[in-house]
Number of protein chains: 4
Amino acid sequence: MICTEGLLRNKYILKILIDKSISIRIIFNMIKNKINNKKPEKRSIILNAALKIIKEKGFHCARMSDISNEAGISYGLIYHYFKKKERLFDTIIEEWWLSIYELLDSLKADNLDIHDKLKKIIVHFFNAYQEKPDLMNIFITEISRSTRNLIGKRLEFFIKFISKTEALIIDAQQKNEIRSDIKARYLTNIFLGSLETFVSAMVLADQELRDSEQKEQIVKSILEVFFNGASVK
Amino acid sequence: MICTEGLLRNKYILKILIDKSISIRIIFNMIKNKINNKKPEKRSIILNAALKIIKEKGFHCARMSDISNEAGISYGLIYHYFKKKERLFDTIIEEWWLSIYELLDSLKADNLDIHDKLKKIIVHFFNAYQEKPDLMNIFITEISRSTRNLIGKRLEFFIKFISKTEALIIDAQQKNEIRSDIKARYLTNIFLGSLETFVSAMVLADQELRDSEQKEQIVKSILEVFFNGASVK
Amino acid sequence: MICTEGLLRNKYILKILIDKSISIRIIFNMIKNKINNKKPEKRSIILNAALKIIKEKGFHCARMSDISNEAGISYGLIYHYFKKKERLFDTIIEEWWLSIYELLDSLKADNLDIHDKLKKIIVHFFNAYQEKPDLMNIFITEISRSTRNLIGKRLEFFIKFISKTEALIIDAQQKNEIRSDIKARYLTNIFLGSLETFVSAMVLADQELRDSEQKEQIVKSILEVFFNGASVK
Amino acid sequence: MICTEGLLRNKYILKILIDKSISIRIIFNMIKNKINNKKPEKRSIILNAALKIIKEKGFHCARMSDISNEAGISYGLIYHYFKKKERLFDTIIEEWWLSIYELLDSLKADNLDIHDKLKKIIVHFFNAYQEKPDLMNIFITEISRSTRNLIGKRLEFFIKFISKTEALIIDAQQKNEIRSDIKARYLTNIFLGSLETFVSAMVLADQELRDSEQKEQIVKSILEVFFNGASVK
DNA sequence: CATGAATGAGAGTTCATTCAT
DNA sequence: GATGAATGAACTCTCATTCAT
């Protein structure tokens, strides 16, 4: 849109294009080549290195040279791909949230009952922890809490996450799958809090979910307490 | 009466003040200190200033000069009371934990049932938030999560907190006040997670517990879900 | 006719273009170069681009990438034509001086009286300003003064310029067209200074010599004061 | 003004001041001491070092570490006195212009004829060159020309200089001390141009005004040509 | 010819900490 | 106790230049 206006405005160029009958496809390919030439491997190498260093040192203490060292490249190259330190971090955060949103959106459209939906959320977090523990670590220590990092766009991300989860709870209340005498927001807090604490515990203790049996047990416990409570029946 | 005109007349001095951007806050503090000749405990002034600045900027971004500015003293003086920046931080954290331990220890000796014990923990946190929101903020954002800060002594503090709470749960299980088919550690995680998420929400949103009714409701919700679950009965 | 809709339809590509902030200028230049298949002298394209950028930012602040962007080429290519940034600058300066020397040498051989010779110098500078204001700007701001740039070969250029002008003055003194009681070097300084200040004023104010009448007037004023003085007769 | 509003508003403090009848004089002295304590020697040492380095390397190439080295202090200290590199340069430039303005303003009020006024300007520049050649060098190479440096406030300084000089010329035209058939601005340009070129020549060649006789001769030459012209009478 | 990913020396700036007064 | 001038290690970011493709 924006680009095209600029292009259209330049009547001189267009006139030449017409005179020489150069098809838009040629221009197209020129642009495509320009874009695709950028080998994306290095970019993701940098992202993974950043992930690891941030996990070890935290956002503030992670130096660009640490990251470049870890990635095995010069630090100048990081600036080639990410204009500022902040951009690098924003990229990491953004990718994390997008994966969460994807899940939550798919659950919204799903026909499962609330128990199974919440189970899927828990499993998603646990899997994420197993697959990319560094990323999960950052989520817990740098994203999910610190007020300082939760400015502007970042805060929006977080609120969106809460709201999307709350929507599932509200939906369940309307379907009478779950108590309505407690505010949906409160239930959301309680559920996400339980989950987060387990993940935190794993992250902080650098603990692994040793076997699938243990994992299964934790999932069951969270759901059991959330739905049926801790009281002796 | 005070002759304010004397000050107003001397435009030259004012100009310099402006040029050198000497904030009125500093002058205020100078005046304040001069007035209270009995030299109030500078140490606690510094701690409170640190609390406020760390809340606003986070530990890493809080500069010593920010803190001394806020305290209305020179930054050299901070080093007189606290040898290092880290000591300042440690002191703040330590005071926090001690207040928690005091509570948990008193609860252990208490004869209340688990419901009332957990209620007291919740209320303690909520009161702490109302009385010293800055401190609670730091607990949530800097202590309770960040792996970086959880090294050595600090991690011990945290583990001790979990364990002391877990002890209450175990005790309740033995008294059959609470389910034993779920690991005490899991129940602890779930309870503390629920609580923490509420506190986090308040901290992150700079929300106040507006009235005691709302507060009461939240306390009840957490306990209700924890003991009886979210399922429709 | 060109099928612009093709471009409009592909929103994905456009988005990437925006994200990567690939300016429309670059695409323009790509297109331009593709069109003029006879590959126009890249060397002069680079020189003109450099001229423009140096005028805008000064030699020190002009980045090679600015110049390559302006020229619509990769910055690697600049190094193909000019081994170093400095070479680029030297080339620009050299071309400027050669044009001046050419004039001064032709004047030396000429039979005009000193008044007309000096007039030709003034007119030459004014014309140069009108035709290549960027180059004149660089002459004034980067060449004619800065001590830093006047090292080695560059200083020689400058001294040669002064000397060649002085030669005209000496010649005039010998022909008794002009006072001999003032050192030729002094007269040269005074004349060139007057001229240069006018050019500087135009350059600094980005002023144009609006009409030939104004131009005529300034030329006349400089000569009139130089030859007859500012005193009331 | 601004400050006092802030002060007046704080009724609490004022009340205490009144209760304790602390005179405003005490506060005054506290402020004064705060201001005077700053030993100004280091500041001027830095300025002189900067002057020398800038002369040698130019604004752009002058590194902060060069300056601190020259001054024999750590570079951190420069930032203690001048918040940014730019501030340091602005301070230098500002001091220069103020000395010029002082002269021009005193001349305006003076009863001398235009010949003697212009002579005083020339002598001022020559003296300045002899006393502070570094500063004069910077004026010629960095201030008086470069468009890049002439942005915002800096351009204003320059224009003010031209205008103040022009005012003297206009005054002289009105008193019929000088030709009115040539625009005052043109005459100003011619005069300042002549002067500047001499100073430039000295600066560029690192030439000294060897004896007062030579100096006298140059002053005389500039004035003689400016008022009576170069033509043979 | 032409490209642009890759390099790394080097610049500005910040800020915890020391120490003479 | 109290001050703030002084220090310098450490960090982010820039940009001329090289070189494989």
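Numbers restart at 1 for each chain; the letters A, B, ... are given by sequence-line order, proteins then strands. Basis for what follows: all heavy atoms, side chains included, without hydrogens, waters or symmetry-related copies.
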Margin query: Within the 4.0 Å heavy-atom criterion, would you say C/F82 contacts the bases, only the backbone, or no part of the nucleic acid?
Written below: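 The residue C/F82 makes no contact with any strand.
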
Notebook entry, point to check: In Å and rounded to the nearest 0.5 Å, what is the CZ to NZ distance from A/F89 to A/K84?
Noted result: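 NZ of A/K84 is found 13.0 Å from CZ of A/F89.
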
Note to self: Working to the nearest 0.5 angstrom, can you tell me the gap between C/I67 CD1 and C/L47 CG?
What the structure shows: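 Between atom CD1 of C/I67 and atom CG of C/L47 there are 9.5 Å.
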
Notebook entry, point to check: Which heavy-atom pair separates A/K55 from A/D134 by the least distance, and what is that distance?
Noted result: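 Scanning both residues, the minimum pair turns out to be CD-OD1, 2.9 Å.
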
Measure the distance from [atom1] on [X] to [atom2] on [N] and round it to the nearest whole Å.
{"X": "D/I78", "N": "F/dG8", "atom1": "CD1", "atom2": "P", "answer": "13 Å"}
{"X": "D/N69", "N": "F/dG8", "atom1": "CG", "atom2": "C1'", "answer": "12 Å"}
{"X": "A/K57", "N": "F/dC11", "atom1": "NZ", "atom2": "C1'", "answer": "12 Å"}
{"X": "C/I46", "N": "E/dC1", "atom1": "CD1", "atom2": "P", "answer": "11 Å"}
{"X": "A/D66", "N": "F/dC11", "atom1": "CG", "atom2": "P", "answer": "7 Å"}

Next item on the list: Check the pair D/I73 / D/I45 against side-chain contact (heavy atoms from CB on, under 4.5 Å), numbers first and verdict last.
Entry: CA-CA 9 Å; D/I73 52 150; D/I45 288 174; 5.6 Å; no

Check: How would you list, by chain and number, every residue that makes a side-chain hydrogen bond (donor to acceptor under 3.5 Å, both in side chains) with D/R87, sequence neighbours excluded?
Finding: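 Counting only residues at least two positions away or on another chain, D/R87 forms no side-chain hydrogen bond (donor to acceptor under 3.5 Å, both in side chains).
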
Margin query: Once side-chain hydrogen bond (donor to acceptor under 3.5 Å, both in side chains) is applied, do any residues pair with C/D66, and if so which ones, sequence neighbours excluded?
Written below: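 For C/D66, the residues satisfying side-chain hydrogen bond (donor to acceptor under 3.5 Å, both in side chains) (neighbours in sequence not counted) are C/K57, C/R63.
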
Note to self: Of the listed nucleotides (E/dC1, F/dA5, E/dA5), which one gets closest to any side-chain atom of C/H80?
What the structure shows: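 Selected nucleotide: E/dC1.
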
Checklist line | Nearest listed nucleotide, side chain of C/S74, among E/dG8, E/dG4, F/dG4 | finding: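 For C/S74, the side-chain atoms sit closest to E/dG4.
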
Notebook entry, point to check: With sequence neighbours left out, what residues match C/S44 under side-chain contact (heavy atoms from CB on, under 4.5 Å)?
Noted result: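 C/S44 satisfies side-chain contact (heavy atoms from CB on, under 4.5 Å) with C/E41 once adjacent residues are dropped.
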
Next item on the list: List in chain and number order the residues that pass side-chain contact (heavy atoms from CB on, under 4.5 Å) with B/Y81, two or more places apart in sequence or in another chain; answer none if no residue qualifies.
Entry: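 For B/Y81, the residues satisfying side-chain contact (heavy atoms from CB on, under 4.5 Å) (neighbours in sequence not counted) are B/K42, B/R43, B/I46, B/L77.
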
Notebook entry, point to check: Name the stems with DNA chain E in them: runs of three or more consecutive Watson-Crick or G-U pairs, distances under 3.5 Å?
Noted result: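 Stem list for DNA chain E: E:2-21 with F:2-21.
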
Margin query: Determine whether a donor-acceptor pair (N or O, by modelled atom type, separation under 3.5 Å) exists between the side chain of C/K85 and the backbone of C/A62.
Written below: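 Answer holds: yes.
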
Margin query: With rounding to the closest Å, how many angstrom separate the P atoms on E/dC1 and F/dT21?
Written below: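 So the two P atoms sit 23 Å from each other.
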
Check: Would one find a side-chain N or O of D/K42 under 4.0 angstrom from OP1 or OP2 of F/dA6?
Finding: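 For F/dA6, OP1/OP2 do have a side-chain N/O of D/K42 under 4.0 Å.
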
Next item on the list: For nucleotides 13-18 of chain F, just jot down a letter per nucleotide in 5' to 3' order: B, S or -, based on protein non-hydrogen atoms under 4.0 Å.
Entry: BBSSBB

